[in-house]
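Source: prediction; values computed, not measured.
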Amino acid sequence: MVLSMPDSGPVPGQPAQLDTPLHYIQDLRLNQSPHPEYYKPRTRSEPLGSSQGSTPKFLAYYLPQFHPFEVNNQAWGEGFTEWTNTTKALPQYKGHYQPHLPADLGHYDLRVADVMRQQIDLAKSYGIHGFCFHYYWFDGQKVMDLPLQQYLANADMDLPFSICWANENWTRRWDGLESDVILRQSYSHAKCLEFIHDILPIIQDPRYIKVNGKPMVVIYRPLLIPDLEKVVLAWREEVIKAGFPGLWLVCAQTFGLIDPRPLGFDAAVEFPPHKINDRIEDTPPQHGFWNPEFAGKTWLYATAVGESMTRDAQPYPLYRCAFPSWDNEARRPGAGYSFAEVSPAQFGEWLATCASFARERQASSDNFVFINAWNEWAEGAHLEPDRHFGFAWLEQVAHQAQKKCTNLIPKLSYAIPAADSTTKAKVAVMAHIYYEETWPDIAQALVVMKEPFDLLITTTQDKFERVSAQAKAVFPNAEIYAVENKGRDIRPFMALLPLLIHRQYEAVLKLHSKKSLHRIDGDLWRQTLIAQLLPQGPDLKHMISSLTEYPSLGLIAPEGNVLNIQRYIGSNQKWVEKMVDELGESTQWLNETKPWFAAGTMFWFKPSAVQSLLHCPSIQQDAFEVETGQIDGTLAHAIERVLGCATLANGYHLIDTRLAKGIGSPDASVKRQSQKDWVNEWSSKARQRTVDSPFARPTEIAP
């Protein structure tokens with residue numbers, strides 16, 4: 001390994017000027033020490049319990065190659081296990097976390113049953129619902145199946161499980177291709193029938209994961225199976241003969257496979273980095289290489305997390321999947337592919353995004369979220385604790401697994417009673433009208449709404465008749481509600497939210513009669529916000545479509561009015577931190593994720609994205625201050641900022657109107673470019689930048 005001394009500062013692809021062998025050794029030592037920011041010790045010992053309500057079931061892929069067996073002995077040398085490669089990995093660039101070495105469980109041997117008991121104990125303590133064992137079956141020859149057989153033989157190993165048939169050739173290059181094959185698959189019809197008969201004892205186990213009584217089996221590469229339609233029919237028949245109502249077949253989205261329906265499968269499951277690395281650009285290491293002959297690739301982990309936001313809704317069941325990190329340097333020395341600058345906080349955000357997708361798109365019987373993986377140590381993808389991060393990855397799973405169920409809407413003393421819509425419209429506009437003279441701006445702007453929508457207006461009791469007359473003159477079917485003059489436009493928003501959720505609106509526009517009397521540009525700000533949210537032409541339709549097309553999109557703010565919460569927190573620090581705590585997050589989460597918020601509090605949104613606010617004690621207890629003309633520092637001002645936090649904490653994301661027009665466009669090229677912009681401008685990495693608005697000031701945001 002060569003460490004040269006260039007004349008200038010750090011350049012991607014080159015070592016830094018002062019790099020020496022000692023620096024390399026220090027990097028190695030750092031990788032084997034607790035991370036100064038992210039390391040977490042074990043803090044949980046009791047099972048978290050099964051998922052409830054809207055919480056998804058987290059399933060982790062499980063690799064059984066941590067024990068010696070004859071095929072590996074012959075192919076790689078006596079005593080070979082997954083640890084053999086893992087322990088040989090070395091960092092190839094500055095900041096490259098290698099090798100990945102285990103902490104609490106050590107370099108275990110899966111022939112020891114107590115190891116699996118320890119794994120199950122960890123999994124249950126941190127919210128893992130079950131394991132998905134990779135199953136290696138080659139034309140009737142089973143390899144590394146001892147751990148699974150051991151699992152089946154011990155009823156006290158009480159974690160649910162399923163299998164994923166790793167149905168590709170086993171090669172020396174670890175890529176499943178034709179070069180240097182160790183074990184080959186032939187896929188004759190007879191062998192495929194033999195496979196289903198072979199797994200019948202496995203899927204009959206009471207711990208086996210089922211969907212409506214149907215055993216769930218994942219196939220890694222179904223397109224390799226000839227006459228797949230006949231094979232699938234035969235499999236289903238054999239499973240029904242065995243007494244099941246059917247077979248729940250899931251295809252992994254690998255090697256370009258996306259839609260399970262043409263294959264006769266029931267669902268698809270993501271298997272990242274498949275479907276991610278071909279959509280993002282590789283990024284050379286920021287501080288250069290230790291090994292100038294490195295022939296691999298690097299991507300930023302934050303970009304992978306950001307790319308996961310852009311998944312649109314699918315017309316078939318799809319199980320999302322995240323990985324805590326991924327790096328196959330251990331299997332491809334000097335030529336590995338890796339995702340750099342991993343972050344537990346960003347992993348938690350990815351999991352939250354997957355969870356919101358599951359809540360929106362899957363029934364409770366199969367609201368699965370997969371994780372790659374429990375113990376893929378040679379691919380740097382493991383939830384099991386290591387020396388550098390400890391239990392940081394498992395802590396993120398536990399945090400998502402124990403989030404409160406928000407499906408049941410609590411009763412607010414000041415809530416507007418829920419009632420069905422007479423129009424059955426899927427879109428609504430809500431407007432709080434305190435300054436009646438601003439109504440013409442709103443009424444004129446709403447003319448651009450071409451599709452049916454419900455108009456819900458709140459106002460104070462003393463203005464009720466005048467506002468009703470104004471509104472119904474233009475919109476006869478408008479619903480007008482009287483509310484207390486308290487909490488500006490925010491308390492009326494909370495009062496209406498249970499009704500919006502009850503009616504299951506897909507998209508809602510929040511407006512209000514903003515005047516900002518303490519500043520000379522108040523009217524201009526209001527008019528600008530409304531114009532951004534109600535554009536002329538097809539852009540409005542595209543924006544509304546984006547909320548329904550992208551399950552992870554929760555809120556669309558006016559362009560130029562999306563700000564960093566920390567920079568614009570003003571005198572709201574205490575209230576914001578209290579609300580974030582009531583949402584189940586922490587100040588550390590706030591500082592790590594840096595949520596956006598919509599200045600001016602006008603935006604399009606999805607009610608499910610913010611419904612967790614209704615569970616906050618401060619909102620339930622009506623802690624809104626009495627109106628005395630405050631311009632900052634009240635609960636209402638804090639909620640303005642915390643709306644973005646609530647959206648992100650629920651696994652949804654906030655973007656601006658410019659981007660929403662693009663991702664909702666029917667033009668494929670415009671849509672794809674806008675998806676890339678979404679990743680680059682609105683992902684966890686992008687939120688680190690400072691953003692300013694021509695109307696907002698860091699120390700004062702108008703009500």
Side-chain angles (χ1 to χ4, degrees), residues 32 41-42 44-47 58-89 99-137 141-164 166 170 198-199 201-202 205-209 324 330-331 371-391 393-394 397:
Q32 302 314 310
R42 181 169 186 175
R44 304 171 188 271
S45 58
E46 298 297 323
F58 292 102
L59 305 179
Y61 290 115
Y62 184 103
L63 181 68
Q65 195 172 203
F66 293 91
H67 66 289
F69 51 90
E70 190 55 33
V71 173
N72 263 353
N73 289 341
Q74 294 177 3
W76 306 103
E78 197 70 24
F80 177 91
T81 74
E82 194 75 356
W83 300 122
T84 307
N85 285 337
T86 302
T87 54
K88 293 189 297 186
H100 288 237
L101 299 179
D104 296 49
L105 295 177
H107 294 90
Y108 53 75
D109 186 332
L110 288 180
R111 294 173 297 182
V112 180
D114 280 347
V115 168
M116 301 190 77
R117 291 189 176 93
Q118 287 179 284
Q119 291 174 321
I120 291 168
D121 173 64
L122 280 182
K124 291 167 66 175
S125 297
Y126 284 85
I128 297 295
H129 175 76
F131 290 147
C132 182
F133 286 90
H134 290 306
Y135 191 67
Y136 295 87
W137 188 95
Q141 181 179 358
K142 291 181 284 189
V143 296
M144 64 181 99
D145 67 323
L146 185 150
L148 180 56
Q149 294 305 322
Q150 189 167 250
Y151 203 96
L152 294 169
N154 289 275
D156 64 315
M157 297 182 183
D158 55 352
L159 193 72
F161 73 97
S162 60
I163 62 171
C164 171
W170 196 1
D198 174 78
I199 68 170
I202 300 173
D205 189 283
R207 295 163 291 181
Y208 197 85
I209 295 170
R331 290 183 174 168
I371 299 171
N372 186 25
W374 175 259
N375 61 344
E376 280 277 9
W377 285 89
E379 292 183 349
H382 52 86
L383 292 174
E384 289 180 332
D386 62 11
R387 299 181 189 179
H388 197 48
F389 291 97
F391 286 78
W393 309 114
L394 281 170
V397 180

Original post:
Considering only heavy atoms from C-beta outward, does the side chain of Ile163 approach that of Cys132 to under 4.5 Å?
Top reply: no
Original post:
Is the backbone of Gly127 close enough, under 3.5 Å, to the side chain of Arg44 for a donor and an acceptor to pair up by distance?
Top reply: no
Original post:
Do Phe391 and Leu122 have side-chain heavy atoms sitting under 4.5 Å apart?
Top reply: yes
**OP:** Indicate yes or no: at least one non-hydrogen side-chain atom of Ile202 is less than 4.5 angstrom from one of Leu148.
**Re:** yes
**OP:** Using the test ring-ring contact (aromatic ring centres under 6.0 Å, His included), find all partners of Phe389 that sit at least two apart in sequence or belong to another chain.
**Re:** His35, Tyr97, Trp393
Original post:
Could you give the distance from CE (Met144) to CZ (Phe133), rounded to the nearest 0.5 Å?
Top reply: 13.0 Å
**OP:** Working to the nearest 0.5 Å, report the span between CD1 of Ile199 and OG of Ser162.
**Re:** 10.5 Å
Subject >> Ala381 to Asn372 - nearest heavy-atom pair and separation >> reply: CB-O, 3.4 Å
**OP:** Keeping the roles fixed (side chain from Asn154, backbone from Asp156), state whether a donor-acceptor pair exists under 3.5 Å.
**Re:** no
Subject >> Single hit among Gln118, Gln119, Glu376 for side chain to side chain contact (heavy atoms under 4.5 Å, CB included) with Glu384 >> reply: Gln119
**OP:** Would you give the length of the straight line joining atom CG of Leu152 to atom CE of Met157, rounded to the nearest 0.5 angstrom?
**Re:** 10.0 Å
Subject >> Minimum heavy-atom distance Thr81-Pro68, with the two atoms named >> reply: CG2-N, 3.6 Å
Original post:
Heavy-atom distance under 4.5 Å between the side chains of Trp76 and Val71, does that happen here?
Top reply: no
Original post:
Under the 3.5 angstrom rule, does the side chain of Gln32 hit a backbone N or O of Pro99 as a donor-acceptor pair?
Top reply: yes
Original post:
Hey, are Gln141 and Tyr136 close enough side-chain-wise for a donor-acceptor pair under 3.5 Å?
Top reply: no
Original post:
Taking it one step at a time, do Ile371 and Phe58 satisfy side chain to side chain contact (heavy atoms under 4.5 Å, CB included)?
Top reply: CA-CA 7 Å; Ile371 299 171; Phe58 292 102; 4.2 Å; yes
Original post:
Shortest non-hydrogen contact from Leu159 to His129?
Top reply: CD1-O, 3.6 Å
**OP:** Can you measure from CG (Leu59) to CD1 (Ile209) and round to the nearest 0.5 angstrom?
**Re:** 4.5 Å
Original post:
Does a side chain donor of either Tyr135 or Asp198 reach within less than 3.5 Å of an acceptor in the other side chain?
Top reply: yes
**OP:** Would you tell me whether Gln65 and Asn72 have side-chain atoms, one donor and one acceptor, within less than 3.5 Å of each other?
**Re:** yes
Subject >> Gap separating the OH atom of Tyr62 from the OH atom of Tyr151, nearest 0.5 angstrom >> reply: 8.5 Å
**OP:** Could you check whether the rings of Trp83 and Phe66 sit parallel, tilted or perpendicular, using 30° and 60° as the cut-offs?
**Re:** tilted
Subject >> Minimum-distance pair of heavy atoms, taken over all atoms of Ser45 and Asp121 >> reply: O-OD1, 4.0 Å
**OP:** Classify the angle between the aromatic ring planes of Trp377 and His382 as parallel (below 30°), tilted (30 to 60°) or perpendicular (above 60°).
**Re:** parallel
**OP:** Give the C-alpha distance, both sets of side-chain angles, the deciding distance and a yes or no for side chain to side chain contact (heavy atoms under 4.5 Å, CB included) between Lys124 and Asp158.
**Re:** CA-CA 9 Å; Lys124 291 167 66 175; Asp158 55 352; 3.0 Å; yes
Subject >> Arg331 backbone acceptor or donor facing Asn85 side chain under 3.5 Å >> reply: no
**OP:** Determine the minimum heavy-atom distance between Leu110 and Leu63, stating which atoms define it.
**Re:** CD1-O, 4.2 Å
**OP:** Spell out, as yes or no, whether a donor-acceptor pair under 3.5 Å connects the side chain of Asn73 to the backbone of Gly79.
**Re:** yes
Original post:
Hey, does Pro324 have a side-chain heavy atom less than 4.5 Å from the side chain of Val397?
Top reply: no
Original post:
What pair of heavy atoms forms the shortest contact from Ala378 to Ala330, and how long is it?
Top reply: O-CB, 3.5 Å
Subject >> His107 and Pro102, any side-chain heavy atoms less than 4.5 Å apart >> reply: yes
Subject >> Under 3.5 Å donor-acceptor, Tyr126 side chain and Leu383 backbone >> reply: no
Original post:
Does any N or O in the side chain of Thr84 come within less than 3.5 Å of the main-chain N or O of Phe80, such that one atom is a donor and the other an acceptor?
Top reply: no
**OP:** Would you please name every residue forming a ring-ring contact (aromatic ring centres under 6.0 Å, His included) with Tyr61, sequence neighbours left out?
**Re:** His134, Phe271, Phe370
Original post:
Can you tell me if Arg207 uses its side chain to pair, donor with acceptor, with the backbone of Gly130 under 3.5 Å?
Top reply: no
**OP:** Would you give the length of the straight line joining atom CG of Asp114 to atom CD1 of Ile120, rounded to the nearest 0.5 angstrom?
**Re:** 10.5 Å
Subject >> Centroid separation Phe131 to Phe161 less than 6.0 Å >> reply: no
